[in-house]
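Let me begin by presenting the structure, written as structure tokens, before commenting on it.
Note on naming: letters A, B, ... go to the chains in the order of the sequence lines (proteins, then strands), and numbering restarts at 1 for each one.
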Amino acid sequence: MKILEEMYEQEKNESELSKIKKEMPFGVPDKYFDDFSARLHHRLEAEKQNLPQPKNQIIRFLKPALGLTASFALIFMLVYWPIKSFLPDYLAKMNAAEFIEPESDEHEFLTAVEMLDENSFFALLDESTIEHGISESKFNDAELLNYLSSNVTDYEIYLQTEN
Amino acid sequence: METDDRNLITELKQDNTRDLAFHRLVKLYQERLYWHIRKILLSHEDTDDVLQNTFVKVWKSIGNFREESSLYTWLYRIATNEAITFLNSKKRRSLLPLNDVSDYLMENLASDPYFEGDALQMKLQQAVLQLPEKQRLVFNMKYFEEMKYEDMSKILDTSVGALKASYHHATKKVEEYIKNND
């Protein structure tokens with residue numbers, strides 16, 4: 001109810017307010033609205049020139065990748081190059097270690113030999129001597145007897161002939 | 001939305017018709033928006049700056065206009081926001097309290113070479129400057145521009161009820177100021 005009374009009062013007050021001319025009492029410079037469009041056009045042209053160019057956009061997209069590449073190059077320069085210059089022995093050792101055959105190859109070879117039976121072993125041995133160009137004909141009887149007498153006992157020879 | 005405005009928006013969104021359509025838009029709305037801004041800022045120079053900013057913003061963001069409101073409402077909303085942003089920047093520069101630019105506006109009014117009113121009109125303007133920012137906006141839009149509450153509601157993003165109450169309080173304060181300063 002109170003707000004209605006106030007609004008009624010306001011209507012009376014507005015009649016007093018209406019005594020004042022309602023139009024805006026401000027003016028504008030001559031031909032202001034005629035020229036405004038042209039001035040705005042100049043402003044827009046300037047704004048368009050300030051817009052980012054496509055070339056800049058490409059650089060903006062590539063910037064992170066370029067930054068990352070530059071970081072790696074910097075790390076390389078700061079770490080690898082000083083080591084190479086001041087500690088050449090250390091790098092040589094590191095490189096040499098890469099060319100040493102891993103122990104696992106030797107281990108595999110020994111395992112394979114253990115799994116062979118005796119006949120297969122001697123056959124393989126014969127093959128390898130042939131492959132290496134060593135033929136039996138190169139040994140004469142005297143050399144063979146000499147080798148056996150110095151490396152093998154009589155008992156071992158006896159055992160081999162029994163088998 | 002009116003058909004003319006709809007056509008204008010369509011042309012504004014197409015690259016080949018954009019420049020010409022924008023020129024038409026400026027010619028169509030420049031005076032209405034000028035006076036809307038001038039009532040908020042009072043100074044012609046400030047109004048000219050803000051009117052240009054408004055149209056530059058319209059140019060840049062026309063592609064994002066979703067046509068949920070009328071072109072007229074959208075333009076008034078941009079103009080109002082630009083004017084308030086301008087006043088806020090003045091507050092920041094002169095270290096004024098956040099809701100107090102009345103001194104700055106009073107100076108503008110007193111030194112305005114384009115003020116053409118009589119003493120009573122000057123008093124009315126001074127009375128309006130005593131109002132808080134929101135009430136000042138509502139009073140100007142309702143009293144001088146005779147805008148509908150529904151349109152004001154869309155522009156200021158405020159309910160019609162709140163706007164009516166705001167106008168009611170504003171009118172009361174203006175009346176009191178005029179009576180007390182006779």
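- The candidate from B:Glu176, B:His23, B:Met122 with the greatest count of non-hydrogen atom pairs under 4.5 Å with chain A is B:His23.
- Residues B:Phe22 and A:Leu44 share a closest heavy-atom pair of CE2-CD1, 3.3 Å.
- No single ILVMFWY cluster, assembled from side-chain heavy atoms under 4.5 Å apart, contains both B:Tyr177 and B:Val128.
- The shortest distance between side-chain heavy atoms of A:Leu40 and B:Gln30 does not fall below 4.5 Å.
- B:Ile40 and B:Phe86 fall within a single hydrophobic cluster, where Ile, Leu, Val, Met, Phe, Trp and Tyr are joined by side-chain heavy atoms under 4.5 Å apart, directly or via other members.
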Task: Residue pair B:Lys60, A:Glu47: steps toward the side chain to side chain contact (heavy atoms under 4.5 Å, CB included) verdict - done: CA-CA 10 Å; B:Lys60 284 180 179 172; A:Glu47 292 276 337; 3.0 Å; yes
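- Inter-residue side-chain proximity for B:His44 and A:Phe26 is flagged as unmet; no heavy-atom pair is nearer than 4.5 Å.
- Identified under the salt bridge (charged side-chain N to carboxylate O under 4.0 Å, His left out) test for residues 67-79 of chain A, with sequence neighbours left out: none.
- In this structure, the separation between CE on A:Met24 and CD on B:Glu116 is 11.0 Å, given to the nearest 0.5 Å.
- Each of B:Phe65 and B:Leu20 belongs to its own hydrophobic cluster when Ile, Leu, Val, Met, Phe, Trp and Tyr are linked at side-chain heavy-atom distances under 4.5 angstrom.
- No side-chain heavy atom of B:Tyr114 sits under 4.5 Å from any side-chain heavy atom of A:Val28.
- Of residues 153-162 of chain B, not one residue has a non-hydrogen atom less than 4.5 Å from any non-hydrogen atom of chain A.
- Closest heavy-atom contact between B:Asp49 and A:Arg43: O-NH1, 4.4 Å.
- No part of B:Asn140 comes within reach of chain A, as not one of its non-hydrogen atoms sits under 4.5 angstrom from that chain.
- Residue pairs satisfying the salt bridge (charged side-chain N to carboxylate O under 4.0 Å, His left out) criterion with at least one member in residues 21-47 of chain B, sequence neighbours excluded, are listed as follows: B:Glu11-B:Arg24, B:Arg38-B:Asp112, B:Lys39-B:Glu145.
- Both the backbone and the side chain of B:Val56 come within less than 4.5 Å of a heavy atom of chain A.
- Nearest heavy atoms, A:Gly27 versus B:Tyr34: O-OH, 4.3 Å.
- Hydrophobic clustering, with ILVMFWY side chains joined whenever heavy atoms are under 4.5 angstrom apart, groups B:Phe144 together with B:Leu163.
- Only the side chain of B:Leu109 comes within less than 4.5 Å of a heavy atom in chain A; its backbone stays farther off.
- B:Thr73 pairs by the side chain to side chain donor-acceptor pair (under 3.5 Å) definition with B:Ser70, not counting sequence neighbours.
- Connection of B:Leu28 to A:Tyr32 is established within a shared hydrophobic cluster, with ILVMFWY side chains joined at heavy-atom distances below 4.5 Å, either directly or through further cluster members.
- Counting non-hydrogen atoms of neighbouring residues, nucleotides and ligands closer than 6.0 angstrom, the CZ atom of A:Phe33 exceeds 12 such neighbours.
- Among the candidates B:Ile178, B:Asp118, B:Asp48, the residue making the largest number of heavy-atom pairs closer than 4.5 Å to chain A is B:Asp48.
- Proximity to chain A involves both the backbone and the side chain of B:Leu120, based on heavy atoms less than 4.5 angstrom apart.
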